[in-house]
Amino acid sequence: MDQLAAISSGHLRIDLDAIGRNWSALDKISPGTLTGAVVKANGYGLGLEPVAKALAKAGAQFFFVANPEEGLVLRKALPNAHIFILGGLWPGASDLYAAQRMMPMLHSMAMLDEWLNFCVQRGEAYPAALNFDTGMNRLGFRMSDVNWVRQQMQRSGYQPQVIMSHLCCADQQNHEKNRTQLALFQSIMAHFPDTPASLANSAGLMANKANHFQLVRPGIALYGGRAIAGRKNPLTQVVSLEVPILQVRDGKTGETVGYGAEYTLQRDSRIAIISLGYADGFLRSASSSNSHQGARLAINGHLVPVLGKVSMDLVALDVTGFGHNGPVPGEMVEVLGPNVTIDDLADAAGTIGYEILTSLKGRYNRTYFGIELE
Ligand SMILES: *Cc1c(COP(=O)(O)O)cnc(C)c1O
């Protein structure tokens, strides 16, 4: 380890083998279905290139990224991967997509027109996917466009690679939307009987076999996140983050801790100050006050609560419970790991594991382990 790494403010470890095993576990849940991998947002914050290589090594061949920039990085890393661009066709970018073998999700009449015109002009049917909106009101053709789209396909003779839609409530197993979106998607499939279909994200895949069809698109579950609320997460944790204690101090009953003086000590306390803050992606909403419990981190396997506001670079922890055997400066605190999952942190901060992962920043030393990357 070089000198800077040795004194860096923390260690983020990313277990690539665990990502591969999570992919294989999801692949087993959907036998006979192609299992893709969503690696948008820089591989959910964990690093697009290493993450994608680990997934390819496990067997993934179909990848989804958000935009063409991510597609280019992925193309460099995996020359043979099938790459879908979830955001669609950027106006004027057909050339780039074709040259780099990136497949846009076509979401609108304008995108479909642009793509088909490009294909005619080049005399080649470059592959793309059609995305239908079955209830999210985000991207995709509206249900009322389905006939028009089918006619366009018949007229042009163009055969889409896949038709897809996206579930908005798959994390809530009993939500009525899951049934209505599935039924609408099946009604669309009837218009494109020879085209492979894709509906399920992680939660959709884990919740119901009826969502599988020909291709599934897990994201968060690959990275160890909880896909379905209120259900035990069967997947393996992928990230751990440790940061050092800078100072351990005494605080007296009645004194306050941190900005805004929103936490008043209710007892004489030992307080550990750690090298971590919202500038590291440790969300400010993980702060505590006397009326609101914040996040809990871990020292030697024991959970320790955050005291007061999370600062830009510092967090205070209540280590009174350790008594005389308390932690000392230089000792590492587990921010994420075996005792604190991304979902524990997300629940405490009023958000979701996705945001915890994609908030991870660059001030700590990142190491990848588990598989050899060329
Ligand atoms: C992000 C995304 C996914 C993956 O969702 P997870 O909940 O992370 O599994 C799948 N499909 C689309 C269209 C997405 O945008």
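Note that the structure is a prediction, hence the values are computed from the model and not measured. Only this structure's heavy atoms are used, side chains among them; waters, hydrogens and symmetry mates stay out. This chain uses plain numbering: 1 for the first residue, then up along the sequence.
For R138 and D133, the salt-bridge test fails: no basic side-chain N is under 4.0 Å from an acidic carboxylate O. With respect to the salt-bridge test (charged N to carboxylate O, under 4.0 angstrom), the residues E49 and K76 do not qualify. Salt-bridge formation is detected for the pair R267/D318: a Lys NZ or Arg NE/NH1/NH2 atom is positioned less than 4.0 Å from an Asp or Glu carboxylate oxygen. A salt bridge is absent between D344 and R226; no separation between the charged side-chain nitrogens and carboxylate oxygens falls under 4.0 Å. The pair K309-E262 counts as a salt bridge, with a side-chain nitrogen and a carboxylate oxygen less than 4.0 angstrom apart.
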Side chain to side chain contact (heavy atoms under 4.5 Å, CB included) between L106 and N131, intermediate numbers included: CA-CA 6 Å; L106 301 174; N131 181 37; over 6 Å; no
Audit row: D280, R363, salt bridge (Lys or Arg N to Asp or Glu O under 4.0 Å) steps and yes/no: CA-CA 6 Å; D280 299 296; R363 228 175 355 174; 2.9 Å; yes
Pair M206-L26, side chain to side chain contact (heavy atoms under 4.5 Å, CB included): steps then yes or no: CA-CA 8 Å; M206 293 165 77; L26 294 166; 4.0 Å; yes
Intermediate values then yes/no, side chain to side chain contact (heavy atoms under 4.5 Å, CB included), H11 and Y364: CA-CA 5 Å; H11 298 294; Y364 14 74; 6.0 Å; no
Full working for side chain to side chain contact (heavy atoms under 4.5 Å, CB included) between M189 and I163: CA-CA 8 Å; M189 287 172 64; I163 56 168; 3.8 Å; yes
Stepwise ring pair (Phe, Tyr, Trp, His ring centres under 6.0 Å) test for F62 and H82: CA-CA 5 Å; F62 294 82; H82 301 277; 4.5 Å; yes
Check against ring pair (Phe, Tyr, Trp, His ring centres under 6.0 Å), F84 and F63: CA-CA 6 Å; F84 290 99; F63 292 84; over 10 Å; no
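Residues K40 and L86 are in side-chain contact: their nearest non-hydrogen atoms beyond the backbone lie under 4.5 Å apart. Using a 4.5 Å heavy-atom cutoff, the side chains of D15 and V239 are not in contact. Taking 4.5 Å as the limit, every side-chain heavy atom of F132 sits out of range of all side-chain heavy atoms of D145. Side chains of I14 and L12 form a contact here, defined as non-hydrogen atoms less than 4.5 Å apart. Using a 4.5 Å cut-off on side-chain heavy atoms (C-beta onward), M105 and L139 make no contact. Looking at heavy atoms from C-beta onward, L112 lies in side-chain contact with M153 at the 4.5 angstrom threshold. Put simply, the side chain of E69 does not reach to within 4.5 Å of the side chain of L72, judged on heavy atoms. Two residues are said to be in side-chain contact when any heavy atoms from C-beta on lie closer than 4.5 Å; F64 and L215 meet this criterion.
Among all heavy-atom pairs drawn from L357 and Y44, the shortest one is CB-O, 3.3 Å. Looking at every heavy atom in both residues, L283 comes nearest to V310 through O-CG2, 3.9 Å. Of all heavy-atom pairs between S30 and T35, the closest is OG-OG1, 3.4 Å. Nearest heavy atom pair, residue S108 against residue F141, reads C-CE2, 3.2 Å. The shortest non-hydrogen separation linking R217 to S165 is NH2-O, 2.9 Å. Nearest heavy-atom pair across K177 and C168 is CD-SG, 3.7 Å.
Between F185 and F213, the ring center distance clears the sub-6.0 Å criterion.
Within 6.0 Å of the OH atom in Y259, the count of heavy atoms belonging to other residues, nucleotides or ligands does not exceed 12. Within 6.0 Å of CZ in R122 there are more than 12 heavy atoms belonging to other residues, nucleotides or ligands. More than 12 heavy-atom neighbours from other residues, nucleotides or ligands sit within 6.0 angstrom of CE on M136. Crowding of R75 atom CZ: a count of heavy atoms from other residues, nucleotides or ligands under 6.0 Å exceeding 12.
Here the CD-CE distance, from E114 to M109, works out to 15.5 Å after rounding to the nearest 0.5 Å. Here L182 contributes atom CG and S187 contributes atom OG; the two are 10.0 Å apart, rounded to the nearest 0.5 Å. With rounding to the nearest 0.5 angstrom, the CZ atom of R270 is 9.0 Å from the OG1 atom of T320. Atoms CG and CD1, from D171 and I352 in turn, are 8.0 Å apart once rounded to the nearest 0.5 Å. Put simply, OG on S24 and CG on L55 are 9.5 Å apart, with the number rounded to the nearest 0.5 Å. Between the CD atom of E334 and the CD1 atom of I299 there is a distance of 10.0 Å, given to the nearest 0.5 Å.
Looking only at distances, a side-chain donor or acceptor of E70 sits under 3.5 Å from a matching main-chain atom of A41. R13 contributes no side-chain N or O that, together with a main-chain N or O of L241, makes up a donor-acceptor pair within less than 3.5 Å. R155 contributes no side-chain N or O that, together with a main-chain N or O of R150, makes up a donor-acceptor pair within less than 3.5 Å. Listed for the N22 side chain is a donor-acceptor partner under 3.5 Å among the backbone atoms of L222. Under a 3.5 Å cut-off, the side chain of E331 and the backbone N or O of V328 do form a donor-acceptor pair. In this structure, the side chain of N211 engages the main chain of G204 through a donor-acceptor pair within 3.5 Å. Not a single donor-acceptor pair under 3.5 Å links the side chain of T256 to the backbone N or O of T264. With hydrogens and angles disregarded, no donor-acceptor distance shorter than 3.5 Å links the side chain of S288 to the backbone of Q293. At distances below 3.5 Å, at least one donor-acceptor pair connects side-chain atoms of N178 with backbone N or O atoms of Q172. Although no hydrogens or angles enter the test, the distance criterion places a donor-acceptor pair under 3.5 Å between the side chain of Q181 and the main chain of H166.
One hydrophobic cluster, built from ILVMFWY side chains closer than 4.5 Å, cannot hold both V248 and V257; they sit in different ones. Clustering ILVMFWY residues whenever any of their side-chain heavy atoms sit less than 4.5 angstrom apart, transitively, puts L276 in a cluster other than the one holding Y263. Residue M164 is grouped with residue V149 when hydrophobic side chains (ILVMFWY) are merged at heavy-atom distances under 4.5 angstrom, including chains of intermediate members. A chain of hydrophobic side-chain contacts below 4.5 Å, direct or via other Ile, Leu, Val, Met, Phe, Trp or Tyr residues, connects I19 to I220.
Each of I274, V243, D313, V306 was scored for a side-chain contact (heavy atoms from CB on, under 4.5 Å) with F282, with one residue passing: V306.
At a cut-off of 3.5 Å, with distance as the only test, no side-chain donor of W115 or Y97 sits close to an acceptor on the other residue. No hydrogens or angles considered: a donor-acceptor pair under 3.5 Å links the side chains of T195 and Q159.
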